Protein chains: 2
Amino acid sequence: MEGLRDRTKRAVRAELARQALELFAERGFDETTVDDIARAAGLSKRSFFRYFPTKEDAVFGELDAMGEQIAQEVAGRPPEEGPWECLHAVLRGWEERINAQVDAMRLVESTPALRTRLLQKRDEVRGRVIRALADRGVPPFEADLAAAAAGAALDAVAREWLRTDGSADRLALVDRAFTMLRPAFLS
Amino acid sequence: MEGLRDRTKRAVRAELARQALELFAERGFDETTVDDIARAAGLSKRSFFRYFPTKEDAVFGELDAMGEQIAQEVAGRPPEEGPWECLHAVLRGWEERINAQVDAMRLVESTPALRTRLLQKRDEVRGRVIRALADRGVPPFEADLAAAAAGAALDAVAREWLRTDGSADRLALVDRAFTMLRPAFLS
DNA sequence: ACACAATATGGCACTTGGTGTCGCAAGTGG
DNA sequence: CCACTTGCGACACCAAGTGCCATATTGTGT
């Protein structure tokens, strides 16, 4: 048995994230101190940093795990598939899960520190995806370009989605973006 | 006459950047405090922040101006040119100027904080480029996608260049990247 | 049920990036 | 030579993040 402690830990983590998001929404990111968040969740600033490495990560908590899974899905795709189709297929699947919350995205997009952290996270994911593609035999430059372009595509889709106040069909946008950028990756 | 004060100001700024780069190279970015840099250049921490808004900007000092010029060049292109060719042409011209220094790029690439700041800067430039494209009549989503993809292309090129220890032909790489990603932007 | 070990927490001190303020010294312009 | 602007140092201050240690809490073996 090793599930009880982990469960409480995840519960605290979730509560912390919830409180953080709420405070950010009402007061703004910069106007909210880590101490405020911790207090609201019933613990100390010191403990906050045992759950999240930075203040920003209270918003992007599970993004790291997502990156790992994305890389794994890329690795698990049929070997004959080209890199671009591979990324298109995998990311299409994730697009739905990523952000149903318009308000959270607005918060991120309107807060430089959060926007920055998001770019950073995506950069890390890109690194993992490149390695996954490399394992499929894709040459480094092609892998790098494909991963970077795919990230750019998702980013553009997200912003377009915000521009239309969340009324656009995200899957359609993803398909459109990936089609427009369809590279000469063999295919 | 309004040149003396400005000249010393630019001189101090340059000296500050020089010292910063030197200290970063020998001690590492995180191990160098702003106070160290300021002292090395003969002034106070407070004054450092009158020349650069953040510690990272001592490395990326003139990037903002570049972004502005890029946007202007985009605006100044023949109106009938498609967005992708437009970006290709403009950025091709910049690629040479951007970084002849391998060591500086290595420093950036191996320092998370600097890498992050670079992503951030590019994101700002992307915003300006989008507006420039929009002024040319390119629809928002296309403009956004093109700008984001162009940024991704340059990033991939930069990394490939590092992979080959600076021996690759950057212009050729740029052309290759832009060709591979050639989108269906009308053309 | 009890003792023991593992672990979560809190408090504290400390470093560092970054900002507001104020007084001073120096250049600038008439 | 006299106002006026402007760069600078010094100081106080805030918040993010880290190391350290003492202590509570809880899971586990007997």
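Chain naming here is simple, since letters A, B, ... match the order of the sequence lines and numbering starts at 1 in each. In what follows, every heavy atom counts, from backbone to side chain, and hydrogens, waters and symmetry copies are set aside. This one's a predicted model, so the numbers in the text were calculated from it and none came from an experiment.
- Rounded to a whole Å, the CD atom of E56(A) is 14 Å from the C1' atom of dG17(C).
- Y51(B) comes within 4.0 angstrom of the backbone, heavy atoms only, and of no base.
- For the atom pair L107(B) CG and L114(B) CG, the distance stands at 5.5 Å (nearest 0.5 Å).
- Rounded to an integer number of Å, the gap from L43(A) CG to dA24(D) C1' is 14 Å.
- In this structure, the CZ atom of F52(A) is 13 Å from the P atom of dG17(D), given to the nearest Å.
- For R46(A) against dG19(D), a side-chain N or O and a base N or O form a donor-acceptor pair under 3.5 Å.
- K121(B) NZ to L63(B) CG: the interatomic distance, rounded to the nearest 0.5 Å, is 6.5 Å.
- Distance R10(A) CZ to dA8(C) C1': 17 Å, rounded to the nearest Å.
- Judged by distance alone, the side chains of E15(A) and Q19(A) do bring a donor and an acceptor atom under 3.5 Å apart.
- Ring planes of F178(A) and W84(A): tilted class, angle from 30 to 60°.
- Side-chain to base pairing of K45(A) with dG10(C): no donor and acceptor N or O lie closer than 3.5 Å to each other.
- To the nearest 0.5 Å, atom CD of residue E81(A) and atom CD of residue E85(A) are 6.5 Å apart.
- Listed in residue order, the members of residues 19-41 of chain B having a heavy atom less than 4.0 Å from DNA chain C are T32(B), T33(B), V34(B).
- Nucleotide dT9(C) holds its P atom 13 Å from the CZ atom of R13(A), rounded to whole Å.
- When each of T54(A) and S44(B) is assigned the nucleotide of DNA chain D bearing its nearest heavy atom, the one mapping closer to the 5' terminus is S44(B).
- The nearest whole Å value for the distance from the CZ atom in F49(B) to the C1' atom in dT16(C) is 9 Å.
- Close to dA8(C), at under 4.0 Å from its OP1 or OP2, lies no side-chain N or O of S47(A).
- F48(A) comes within 4.0 angstrom of no nucleic acid atom, judged by non-hydrogen atoms across all strands.
- Following rounding to the nearest Å, D57(A) (CG) and dG17(D) (P) show an atom-to-atom distance of 9 Å.
- In terms of the side-chain contact (heavy atoms from CB on, under 4.5 Å) criterion, residue partners of A168(B) (sequence neighbours excluded) are, by chain and number, W161(B), T164(B), L173(B).
- Note that CG of L119(B) is 8.0 Å distant from CD of Q120(A), once rounded to the nearest 0.5 Å.
- Residue K55(B) contributes atom NZ, which lies 18 Å from atom P of dA16(D) at whole-angstrom precision.
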